[in-house]
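Worksheet: the structure to be examined is printed underneath.
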Amino acid sequence: MEASNATARASQEEETKWSNLLSKRRLSNDRPGIVEEGVGGSAFQTDFDRILFSAAFRRLVGKTQCFPLTGNDSVHTRLTHSYEVASVGRTLGRKAGLFLLDRKCVDAESAAEIADLVSAACLAHDIGNVPFGPSGESALHDWWEQYKLKLEGNKRMIETMGTFPASVFADFSRFEGNANGFHLLVTAKPANLTYATMATYTKYPITQNSKLLHRDKIDASIAAYKKNGIYENDKDAFEQIFTTCGLAFGDEARKGLYQRHPLSYLVEAADDICYTIIDLEDGYRLGYVDSPTIKTLLKRVCDACGSCTTKFEPGQNTPASEYRSAAIQRLAHQAFTEWRNCYEKIMDGSFKGSLLKHDGFDPLSDIAQLKLFLAPEVLRVEAAGYHIITKLMEIYADCLLGEWENKKPKNTFAKSVFGLLPEETRAKALEILSRRDHKVAEWKQVYELILLAAIYVCGMTEQFAIKQFNQLTGQSLGK
């Protein structure tokens, strides 16, 4: 009888936990925490639609997936990649929903909605990415290391505000596209997503300062703490979302830390499956990988996923696209199987590693590194992109800080640059600058202005960044 009661209590606890994890509350300035159902569909379908119609999502069409500025319309951009990740995510979410329904911790309606939830989070997963991919992120890191020296050596600022506080600017020391995406989703007026979608989107539920503060508590082998996925400015919204979803650790050993949403692992797996397989397919389309090589590698993936019920047996004339389709299906099955088998560890936040680790998958990553990412065309654009992002950050940060420090544009160039900023960015800058006028200057205001510059540059498409660079450096006067 006691054992039966313990099982019932455990089941009720799990049901309550999933009720929190699937929270439909939304962040909104005028309606904080309100529950808002979708019209003619689930709240998570509404999230999907809001992401789809957002300007930040549309701009992904002009951001590199693997091969930048190829001119080949068949090659993936971040936009087409995001659609495909959302498709794979929907499949994984559907499987997870049925599994949870079988465990009796969600009802049939909630089980069906999980597919929409995972798909929405997948659709948004790259929304904060920097132009020119990893090269753009590296440029932001390196730019900050140099710019920080200017601030540390600014005697006027130090006399006014005191010693330069590295902790205030920790976001820039490890700039992350995931944190930028969280910021966009939290602040974008059309978005106002559910807590569940925001938490499922969040791959790294920690700020850089929290990583430093809690470094003795953090298990470095847990992927959730590998990077910082939240700006310090968004910490309050993040903690509100994750606390409501029941993702704050309650034990003393991990107090102050948050675990990943269990469905976030499925988002990560969908992304890993798509970018590895699709980057390889794009390499094939561009001639970096030949037909026999791609077919051999993808067949190896299919054979390695032994748990799949149907064996892939291609014929001599089977096209590479069918190999790709079979590999994605089997990897998705493998990822869900691992998620199901590791369910208890995923739920308590102790899961380590990835849902996708087997002998057939790793060689694809090796080939991608050697033949795709190191292709001369890729390296040339990445090198140029690094220089472009560095210069644009220098121009816009100098412009905004010049306004802050001098209470007026530093010179005619700075005045013109400020006028070129989007209306919404200018309005936010003026709001920060007004605080400078009405109270004692603070380093936090400097942080907010630099962050504003970074968010603007990160939101650019690659073609727009190139155009801005050419115009602001006097190399082109074209429209």
Side-chain angles (χ1 to χ4, degrees), residues 56 59-60 63-65 68 78 124-152 164-188 201-213 215 223-235 237-238 271 382-401 425 428-429 432 443-462 464-465 468-469:
R59 286 195 295 269
L60 293 179
K63 293 189 180 183
T64 291
Q65 171 55 29
R78 290 281 174 186
H125 83 282
D126 270 349
I127 203 165
N129 271 40
V130 183
F132 305 104
S135 175
E137 278 193 1
S138 296
L140 280 162
H141 297 159
D142 296 346
W143 167 82
W144 170 246
E145 290 304 311
Q146 293 301 311
Y147 204 78
K148 180 174 66 173
L149 298 177
K150 287 176 65 173
L151 297 180
E152 290 173 336
F164 176 82
S167 61
V168 172
F169 297 89
D171 289 341
F172 304 121
S173 64
R174 291 289 183 273
F175 194 88
E176 239 296 311
N178 289 286
N180 195 50
F182 185 92
H183 176 81
L184 291 174
L185 295 173
V186 164
T187 58
Y201 160 85
T202 306
K203 190 174 178 180
Y204 305 111
I206 194 166
T207 66
Q208 181 63 17
N209 271 333
S210 292
K211 281 183 73 175
L212 297 172
L213 180 65
R215 55 181 171 268
Y225 308 127
K226 180 179 166 186
K227 299 179 181 179
N228 54 300
I230 308 293
Y231 289 149
E232 198 66 33
N233 246 23
D234 298 322
K235 189 176 179 181
F238 158 70
D271 182 29
E382 283 189 348
Y386 180 98
H387 184 54
I388 289 167
I389 296 298
T390 301
K391 189 63 180 176
L392 289 177
M393 280 303 303
E394 178 188 324
I395 289 171
Y396 284 112
D398 277 350
C399 164
L400 293 175
L401 288 190
T425 304
K428 180 62 178 173
I432 298 168
W443 281 110
K444 178 73 181 299
Q445 297 159 10
V446 177
Y447 157 82
E448 288 178 348
L449 287 169
I450 294 175
L451 183 62
L452 193 62
I455 290 165
Y456 176 53
V457 171
C458 287
M460 294 179 181
T461 64
E462 282 147 20
F464 184 75
Q468 287 282 88
F469 172 82

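Shortest non-hydrogen contact noted between I432 and Q445 is CG2-O, 3.8 Å. Listed here is the closest heavy atom pair of A124 and L185: CB-CD1, 4.0 Å. Counting all heavy atoms, side chain and backbone alike, G136 lies closest to I389 at O-CG2, 3.9 Å. Closest approach of G229 to F182, counting heavy atoms only: O-CB, 4.0 Å. Residue I450 comes nearest to M393 through the heavy atom pair O-CE, 4.3 Å, listed as atom of the first residue, atom of the second, then distance. Minimum heavy-atom separation, P205 to A224: CD-O, 3.4 Å.
Distance check, rounded to the nearest 0.5 Å: CD1 of I388 to OG of S135 gives 9.5 Å. Summarising the geometry, atom OH belonging to Y396 is positioned 14.5 Å from atom CG belonging to L401; distances are rounded to the nearest 0.5 Å. To the nearest 0.5 Å, atom OG1 of residue T461 and atom CD of residue Q468 are 9.5 Å apart. For the atom pair CD of Q208 and CD of E232, the computed distance is 9.5 Å after rounding to the nearest 0.5 Å. If you take CD on E176 and CD1 on I206, they are separated by 12.5 Å, rounding to the nearest 0.5 Å. Atoms CG and OG, from N228 and S210 in turn, are 10.0 Å apart once rounded to the nearest 0.5 Å.
Remark: side-chain polar atoms of N129 are not paired, donor with acceptor, to backbone N or O of G177 under 3.5 angstrom. K211 places a side-chain N or O within donor-acceptor distance of the main-chain N or O of K226, the cut-off being under 3.5 Å. At distances below 3.5 Å, at least one donor-acceptor pair connects side-chain atoms of Y201 with backbone N or O atoms of N178. The main-chain N or O of P131 is never found under 3.5 Å from a side-chain atom of E462 such that the two would form a donor-acceptor pair.
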Pair D171-Y447, side-chain contact (heavy atoms from CB on, under 4.5 Å): steps then yes or no: CA-CA 9 Å; D171 289 341; Y447 157 82; 2.5 Å; yes
Worked check of side-chain contact (heavy atoms from CB on, under 4.5 Å) between T390 and F469: CA-CA 10 Å; T390 301; F469 172 82; over 6 Å; no
Test log, rule side-chain contact (heavy atoms from CB on, under 4.5 Å), inputs F172 and L451: CA-CA 8 Å; F172 304 121; L451 183 62; 4.0 Å; yes
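Considering only heavy atoms from C-beta on, N209 stays 4.5 Å or farther from K235 through its side chain. The shortest distance between side-chain heavy atoms of L212 and R215 falls below 4.5 Å. With a 4.5 Å cut-off on side-chain heavy atoms, T202 and I230 count as touching. A heavy-atom distance below 4.5 Å is found between the side chains of K444 and N233. For the pair D398 and K150, the minimum side-chain heavy-atom distance is below 4.5 Å.
Heavy-atom neighbours of H387 NE2 from other residues, nucleotides or ligands within 6.0 Å: at or below the threshold of 12. Annotation for K391: atom NZ does not count as buried by contact number, only 12 or fewer foreign heavy atoms lying within 6.0 Å.
With sequence neighbours excluded, no residue forms a ring-ring contact (aromatic ring centres under 6.0 Å, His included) with Y386. Here F164 pairs with F169, W443 under the ring-ring contact (aromatic ring centres under 6.0 Å, His included) rule; sequence neighbours left out.
Between F238 and Y231, a ring centre-to-centre spacing not shorter than 6.0 Å is recorded.
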